[in-house]
Asks: 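Would you mind keeping the following structure in view while I ask a few things?
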Amino acid sequence: RSPTSEPAMLTAPPEGQASPSKGDVAVCVRLRPGPRSETCIFKEGPNHVHMLPGLTDLGGRSNNEARYRCDHAFGQEASQEDVYNEAVVPICESVLLGYNGAIIAYGQTGSGKTHTIIGTPEKRGVIPRAVEAIFASLRSKSDWSVVVSVLEIYNERTRDLLVPHVAQVDIHEVMDNHGLPSFHCPDAAKIAARCPQDALAVLYEGLERRETRSEERRVGKECRSRW
C-alpha cells in the first residue's frame with residue numbers, strides 16, 4: 001500500500017466483547033534480510049525459527065543448532081504491512097476499547113528495530129501506521145483527545161525527549177479502581193495532537209534527542225542497505 005493510501009479502519013470487537021489480544025503478551029520474531037552466506041537463522045512455519053550451526057567468526061554465528069517457538073515468525077520477505085497487520089492491529093483495537101497497549105522492539109544495534117518501528121516514507125513502520133489508523137477510528141467518535149509524550153529509558157534513567165535540555169523524570173506505578181497496576185510519568189511533557197501529522201511531528205522531534213541517535217547514525221547506512 002502506498003503511503004498516500006487511505007488507512008484501514010480498525011474494527012474493535014462489539015461492546016462487552018474483549019479483543020483476543022487483551023491481556024496477552026505475544027512474542028514475534030522478524031528476520032532481517034541479508035546474504036544467505038551470512039544467515040544462520042531461518043523461518044520454519046508460522047511460529048518457529050531454526051538456528052543453524054556455523055562459523056563463529058562470521059557475524060557471530062553459533063556452533064549450536066536450536067529451534068525456537070514464538071507467537072509469530074516473520075521471514076526475510078515479510079513487508080512492513082505484514083508485520084503491522086499481524087502483530088500491531090490487535091493491540092490498536094484493544095487500545096480503542098480502553099486497554100493499555102505496548103509494542104516493544106528488542107534487538108542489538110543494527111538488527112532493524114528502528115526500521116520496523118519507524119521505517120521510511122516509502123516503507124512506513126508500525127508507529128506511523130498505528131497512529132494513522134487510530135486517528136481514523138477516532139474521527140467517528142464525538143469526544144476524544146490524544147496527547148503525546150516521548151520518553152527514553154537509557155542506562156536506567158528515564159529522560160523526557162520533548163524538552164530542549166532533556167530532563168530526567170520519574171515513572172510511578174499506580175493502581176486503578178480494580179486494583180490493576182499501570183505506569184504514569186506525571187512530570188513528562190504532554191503535547192496535544194488532533195491529527196496523525198501532529199502526533200508524528202512530536203515523535204520525530206523527540207527522536208532527534210535520543211542518546212542512542214548518534215550510534216544509530218553510525219550503523220544506519222549499512223542497515224538501510226539490507227532492507
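Residue numbers run from 1 in the order of the sequence given.
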Asks: Once rounded to the nearest 0.5 Å, what's the spacing between atom CG of L151 and atom CG of D187?
Replies: 10.5 Å

Asks: Within 45° of the ring axis of W144 and under 6.0 Å from its six-membered ring centre, is that where the NZ or CZ of R139 lies?
Replies: no

Asks: With a 3.5 Å distance limit and no angle check, can you tell me whether K43 reaches the backbone of L31 through a side-chain donor-acceptor pair?
Replies: no

Asks: In Å and rounded to the nearest 0.5 Å, what is the OG1 to CD1 distance from T120 to I118?
Replies: 11.0 Å

Asks: Does any donor atom in the side chain of R32 or S111 lie under 3.5 Å from an acceptor atom in the other side chain?
Replies: no

Asks: Look up atom SG in C92 and atom CD1 in I134, then write down how far apart they are to the nearest 0.5 Å.
Replies: 4.0 Å

Asks: Keeping the roles fixed (side chain from D198, backbone from R194), state whether a donor-acceptor pair exists under 3.5 Å.
Replies: yes

Asks: Only distances under 3.5 Å count here; give the side-chain donor-acceptor pairs of residues 160-169 to other protein atoms, sequence neighbours excluded, each with its distance to 0.1 Å.
Replies:
unit_1, atom_1, unit_2, atom_2, d
D160, OD1, L162, N, 3.0
D160, OD2, A189, N, 2.7

Asks: For R129 and R124, indicate whether the former's side chain and the latter's backbone hold a donor-acceptor pair under 3.5 Å.
Replies: yes

Asks: If I take atom CD1 from residue I103 and atom CD1 from residue I91, how far apart are they, to the nearest 0.5 angstrom?
Replies: 4.5 Å

Asks: Check R210 with E152, please: is the shortest side-chain N to carboxylate O separation under 4.0 Å?
Replies: no

Asks: On a heavy-atom basis, which atom in F135 and which in C195 lie closest, and how many Å separate them?
Replies: CE2-N, 3.4 Å

Asks: When you look at H184 and E173, which way does the side-chain hydrogen bond (donor to acceptor under 3.5 Å, both in side chains) test go after all the steps?
Replies: CA-CA 6 Å; H184 294 269; E173 181 178 7; over 6 Å; no

Asks: For the atom pair CD1 (I117) and CD1 (I127), what is the distance rounded to the nearest 0.5 Å?
Replies: 5.5 Å

